[in-house]
Structure formats: structure tokens, C-alpha cells
Amino acid sequence: MQANDKLWGGRFTLPMDKFTEEFTASIAFDQKLYRYDIEGSIAHCKMLAKQGIIAESERDTILAGLQAILADIEAGNFTFSVDLEDVHMNIEKRLIERVGAVGGKLHTARSRNDQVALDIRLYTRDAIAQIVELIRDLQRALLEQAEAHQTAIMPGYTHLQTAQPVLLAHHLLAYFEMFDRDAARFSETATRVNVLPLGVGALAGTTFPIDREFVAQELGFAGVSKNSLDTVSDRDALLEVCAHASILMMHLSRLSEEFILWSTSEYRFIRISDAYCTGSSIMPQKRNPDVSELVRGKTGRVYGNLMSLLTVMKGLPLAYNKDMQEDKEPLFDTVETVKGSLKIYADMLRTATFNTQRMRAVAGDGFSTATDIADYLVRKNLPFRDAHEVVGKIVALAEAENKALDELTLGQMQALSTLIESDIFNCITVEKSVASRKAFGGTSGEAVAAQLATIRSRHEFAQ
Ligand code: ARG
């Protein structure tokens, strides 16, 4: 009986200090990787037999043991224990208990360093696929609302001051574009993730005649990593996921900010369904947009996870360092947070109602068609800078008289520019303002309808 009965205990004389055991263990969070760990072990084991490194009968015994362990875990009949440190050793120890000493052959030509690199890659590959699908669904929800509001006009803002009227559909499609870039970023990372790390041993490679291409094929990887030192110490894929997640959450946070503003009694642009609001324990009238606030808040934690991971990695010499065990919680937390936020936003968006009357009623506030008067003067051959000056005076006059632009008389406007004729009144309605922004990428009904059609012609968004 060894004084230290760990799987690695051979050279130790004292047992591990109890608290150190807990402090260094990752099982509390890496047990989440069990399926990937077993999947990787199965592929590795098949390869060992194919290469004659273990016997076929040994392979069959080990595979049966691994399948039984997988079934036990899924059925809730497996207790992970802290003294076995991590998911890899919990499973390996159980395998040996189940199938006997032959189970100890599974770890031939493998290290926990390349094993954990494999597990997190498999996890990340799945997580990316799920995130991209959730982004697509949120984009579909935006698309549906945009299609349902193709004529609704709302105020567009800069500096949160009324700027120019826009279509609600155009505003919603702005978010569609942001999420489109997010999906593209995640998908691009997926190609870099899809490279097999297993087979590089602890850091220097392995002395056994392994077939890494075979393992890559078994696990659906497109290729194998090229440098053993890099492979066991590379966490770029996780960093990319955390970075893309931060940008995605920033987009969701901006949408949240708008939903929160838009649901105030001052704006009244949107009514978020009861299903996604909470009340106040004291103020009976309250309907708080908690989901939007929480998503805005969770953005901070996703940024924090990116910072954690970057900081964990920044001083690490090659190759594996135990610091890297700290990669998992930020990654898992980021993936869960992003998935939850995307899902709830798609549902909330589909059930939200837009108060298009209210939006239309305030779309002309703040002299929002002033640029249209300037453009009118430019079409009459006045240089834009001069037109800007004239319209500035028209706005000042309207403001002084407490009138909207279209409430000024023709005479009042002509006093400021003789180029103005009665047709001016046709171009300063909010409808006309929106409709005339026909150039590609603009808010006119035609331009927005063309965008919607283009989007619907993509296979992800086909009906
Ligand atoms: N639990 C470890 C981790 O998450 C697995 C790799 C451990 N390797 C080692 N040499 N201690 O990073």
C-alpha cells in the first residue's frame, strides 16, 4: 500500500494534504466534460488497437468499460470524487476498477495535457455550433418583426437627439447585421477549432507509433495540430470564443438599452410581454424590463471572463502549466450566459409589441426633416453648406415660434431663401423623408424591402 494512492502517486511518500487536494482539483467544474472525455478515449483506444499498441481483446474490454461508465454517468450513477482531482482521472480510475489492470493501458501514448486540450476543443466545437444556431434564431425573430413593420416610421437618433425619421424595420435590421457578423466570427473560429490536439503527449510528442489522422477522422476533425508544445499550451480557441462572445453581448446590451428606454412611459415605443417582465414588491404599477437589464448586466461578466482568460495566459512559459486549469470556468460561464441571453431575446422579441402610432407621432419631432429641406435647396443648385446655413435659420425661426417645420408659412420660409416654393411641403413630411432615402443601405421602403428579400434568399433564412 502506497503512502500516496493517486494515479500519479508512485514517487510520493506522503499523502496529499486534504485542503491542497480540494484546492488543486477541477472536478467540480470539469465533470461537465465527461462525454467529450469518453468520446476522445474511445477514439484513442481504437487507434491503439489498430496500431497494434494494445491487443484487440484489450480494446474491446476497455471500450465496453468506457460505454458502461458513460451510461452510469448519464443515469446519475456515478460519483465524481475530489481526491481523483479531475474528470480524466475520475473516469480512468473507474475504468480500472471496472475492467481491471488492462484499463491502465488506455493512457498509453497520451497525457492529461493533450487529453484536456482535446476535451475543451470538442466542447468548444459543440458550443460554437449551438451559439451560431441561437444567433440565427434571434436573427429570424428580428426578421419577422421587421417584415411585420415595413411601413412603421420611428424617429432615428444620433446623440439620443432626434435626427432623421427611419423605418422601424430598418432599425431592427441594423441589429440583424450585427448578429450576422457575430455568427460569421464564431463560424470562422470553428474552422480553427476543428484540429485534433490528441497525440502530442505531455509536451514533446510520443514514442509510440500512433495514427493521429485516424483519431482525427474518428472525431470529425479536419486536421491534426502540428507542434506538440503549442498544442498542449494553446488556448486561443477559447479566447476567440470569449472575445466573440464579448462583442455579441455588447450588441445584445445595446439592444437591451433600447428596449429599456423604449419601454419607459416617456418613450412608450415597445411593450415587452408580461412573460418577460417582473413587478415591484412595493409599487403595484411597475412592469420592469428585467430581462433586458440582466442581459446588459451579464455583458459585464462575459467581458470579465475574457479578461480572466487573457490574464491567465499572458505570462505562461511553454508548455502546460496548471494555471491553464483556470480556463474552464470562464469558458463555460461565457457559453452558458451567451446561450441563455440569445434564447431569451429571441422569445422576448417575438412576443413584443411595437407601439407604431406612438413612434409615428414623435417621428417628426425635433425638426427631424430639416436635412430634407437642405437637400431640397441643393437640388435647386444651392451648395450644401449654404443650404445648411439657410435651414439652420428656418429651424431657429420654428423653434422661436414653437412650431414644427411644416407649420411655418411659405412666406416665412421664402423670407430666408427665395429658392423655396410651395412644393417644399411635399418634401418635409416624415413619409417623404423616409421614402426618398433610396440609395443602397438607406431607410426607404424600397431599400428595406430589397434587404429583406436578399436576406430571405439566404438558406439560413429561407421560409
Ligand atoms: N485538470 C487539468 C486541467 O484542467 C488537466 C490537465 C492536468 N495536467 C497536469 N499535468 N496536471 O488543466
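One-based numbering, in listed order, for ligands and for the atoms of each.
- Within the model, atoms CG of Asp86 and OG of Ser26 stand 4.5 Å from one another, a figure rounded to the nearest 0.5 Å.
- Between Phe269 and Tyr267, the ring planes lie perpendicular to each other; the angle is over 60°, past the 30° to 60° tilted range.
- A cation-pi geometry, defined here as NZ or CZ lying under 6.0 Å from the six-membered ring centre and within 45° of its normal, holds between Arg125 and Phe221.
- With rounding to the nearest 0.5 angstrom, the CD1 atom of Ile73 is 4.0 Å from the CD1 atom of Ile38.
- Heavy-atom proximity to Gln325, at under 4.0 Å, picks out these atoms of ligand 1: 1 (N), 2 (C), 3 (C), 4 (O), 12 (O).
- The nearest protein atom to atom 11 (N) of ligand 1, hydrogens excluded, is given as Arg112 NH2, 3.5 Å; this is a heavy-atom distance.
- Within 6.0 Å of atom CZ in Arg360, more than 12 heavy atoms from other residues, nucleotides or ligands are found, so the atom counts as buried in its surroundings.
- Looking from atom 8 (N) of ligand 1 to the surrounding protein, the closest heavy atom is Asn113 OD1, 2.9 Å.
- Interface of Ser26 with ligand 1, defined as ligand atoms under 4.0 Å from a residue heavy atom, comprises 1 (N).
- Under a 3.5 Å cut-off, the side chain of Arg437 and the backbone N or O of Ser433 do form a donor-acceptor pair.
- Within ligand 1, the atoms closer than 4.0 Å to a non-hydrogen atom of His88 are 5 (C), numbered from 1 in the order shown.
- Both tests hold for Lys32 against Phe332: distance to the six-membered ring centre under 6.0 Å, angle to the ring axis within 45°.
- Counting only heavy atoms of the protein, atom 4 (O) of ligand 1 lies nearest to Lys328 NZ, 2.5 Å.
- When heavy-atom distances to ligand 1 are checked against a 4.0 Å cut-off, Gln115 has no atom that comes that close, whether in backbone or side chain.
- From the protein, the heavy atom lying nearest to atom 6 (C) of ligand 1 is Tyr320 OH, 3.5 Å.
- Near Asp86, with a cut-off below 4.0 Å to any heavy atom, the atoms of ligand 1 are 1 (N), 2 (C), 5 (C).
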